[in-house]
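These numbers come from a predicted model, not from an experiment. FYI, side chains are in, hydrogens and waters are out, and symmetry mates aren't considered; it's all heavy atoms of this structure. The sequence lines fix the lettering, A, B, ..., with proteins before strands; numbering per chain opens at 1.
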Number of protein chains: 2
Amino acid sequence: MENNQSCIRVFADKVQIENCRETLQANEKAFSQLSGLLALAGNEVRLKILFLLEEENELCPCDLSDILGMSIPAVSQHLRKLKDGNVIEGRREGQTIFYSLKQEQLTLLRPFFKHIINQNLKTA
Amino acid sequence: MENNQSCIRVFADKVQIENCRETLQANEKAFSQLSGLLALAGNEVRLKILFLLEEENELCPCDLSDILGMSIPAVSQHLRKLKDGNVIEGRREGQTIFYSLKQEQLTLLRPFFKHIINQNLKTA
DNA sequence: GTTATATTTAAGTGTTTGCTTAATTAAGAA
DNA sequence: TTCTTAATTAAGCAAACACTTAAATATAAC
């Protein structure tokens, strides 16, 4: 945005624009956090993982690899992102690590799961 | 996944895994569509645009550029993605194009907007 | 100890993303 | 028509993504 060729519209509502700017600023943190979560869920593989964890309660990378038909490292890297994003957590049992959804983000995620189920009902 | 070194766990629940596979397959379309929408909303700039359109009803690329503090082409490209994703639509008025949310996807989007507002209340 | 299993991490790579600047299209005003 | 404004499109590019294969880590079994 070097060359500010901003199209200063004649009819631009300066007050409205200023209000919007303030709203964004006031919610800065919320936008950043929420978009982060949505970006995580915005990957089809990760969305499936989240959905499966909701349905099955907990699953290990090995199972997910089988279910999703993709390599273990690929799954593991997705799980790491979800863990870093505070969406899932792992519990060790011997050599196996069981991942599950963290309660924290569930409020936001549940509508997605419901939506998927609903779509299914529509098709049926 | 050439070299199927799949860790066939001793305790793996084959029935569970098969059920999961079927669930994924049955909802294939829903996963692809929903992850597409979430990927759109998973970009901070686009999330802000969607939020602003909800609040202000409609806005033009020029206004959004001012509000977001980014170049018009950058905004325009985000709008295009949202339009291609069937999330927003444009209405021409002279040289100006006003974008607004499409009713269609609003059911899924509204919880996000509410969440942002709620976060704000918490902070205040 | 050695070996096997479950998982993670690291390095490499092709693809996608999101911006930039410049060119183009579209409508209105002179 | 020419000029200005609003918006889009195109080309280029750095950064992020999502996989791959190979190496490393961690626990359990022998």
Within the structure, does a side-chain N or O atom of T96(B) lie under 4.0 Å from either OP1 or OP2 of dA6(D)?
no
In short, I97(B) meets G90(B) closest at the heavy-atom pair CG2-CA, 4.1 Å
Between C1' on dT7(C) and OH on Y99(A), what's the gap in Å once rounded to a whole number?
8 Å
For M70(B), does its backbone N or O pair with a side-chain atom of S65(B) as donor and acceptor, under 3.5 Å?
yes
Spacing of CD1 belonging to I17(A) relative to CG belonging to D66(B), to within rounding of 0.5 Å:
4.5 Å
Could you list all the side-chain hydrogen bond (donor to acceptor under 3.5 Å, both in side chains) pairs where at least one residue sits in residues 98-114 of chain A, not counting sequence neighbours?
E54(A)-R110(A), N86(A)-K102(A), N86(A)-E104(A)
Using heavy atoms to find the nearest nucleotide of DNA chain C for S76(A) and Q95(A) separately, return the residue whose nucleotide is more 5′.
Q95(A)
Taking CD1 from I72(A) and P from dA10(C), how many angstroms apart are they, rounded to a whole number?
18 Å
dA6(D) P sits how many Å from L59(B) CG, rounded?
15 Å
Strand contacts (DNA chain C) in residues 39-55 of chain B, 4.0 angstrom heavy-atom criterion
N43(B), V45(B), R46(B)
Return all side-chain donor-acceptor pairs below 3.5 angstrom for residues 22-32 of chain A, not counting sequence neighbours, or 'none' if the list is empty.
unit_1: T23(A); atom_1: OG1; unit_2: N19(A); atom_2: O; d: 2.9
unit_1: N27(A); atom_1: OD1; unit_2: N120(B); atom_2: ND2; d: 3.0
unit_1: N27(A); atom_1: ND2; unit_2: T23(A); atom_2: O; d: 2.8

Nearest-Å distance, NE2 (H78(A)) to P (dT20(D))?
9 Å
Atom pairs, protein N/O to nucleotides 10-16 of chain D N/O, distance under 3.5 Å:
unit_1: dA10(D); atom_1: N6; unit_2: Q77(B); atom_2: NE2; d: 3.2

May I ask you to decide whether R91(A) forms a salt bridge with E93(A), counting only side-chain N to carboxylate O separations under 4.0 Å?
yes
Which heavy atom in C60(B) sits nearest to a heavy atom in F98(B), and how many Å separate them?
N-CD2, 4.1 Å
Candidates L50(A), L38(A), I117(A) - the one meeting side chain to side chain contact (heavy atoms under 4.5 Å, CB included) with F112(A)
L38(A)
CD of Q77(A) to CD1 of I72(A), rounded to nearest 0.5 Å, is 12.0 Å
Could E44(B) and K48(B) be called an ion pair, given the rule that one side-chain N must be under 4.0 Å from one carboxylate O?
yes
Euclidean distance, atom CE of residue M70(A) to atom C1' of dA18(D) [Å, nearest integer]
8 Å
How many angstroms lie between CD1 in I49(A) and CG in L79(A), if you round to the nearest 0.5 Å?
5.0 Å
Hey, can you pull the residues of residues 81-94 of chain B with a non-hydrogen atom under 4.0 angstrom from DNA chain C?
K81(B), R92(B), G94(B)
Strand-adjacent residues in residues 27-38 of chain B, judged by heavy atoms under 4.0 Å from DNA chain D
none
For the side chain of R46(A) and the backbone of L40(A), is there at least one donor-acceptor N/O pair under 3.5 Å apart?
yes
What is the separation between atom CG on L79(A) and atom C1' on dA18(D), rounded to the nearest whole Å?
14 Å
Show the nearest heavy-atom pair for residues R21(B) and E18(B), with the distance to one decimal.
NH1-OE1, 2.8 Å
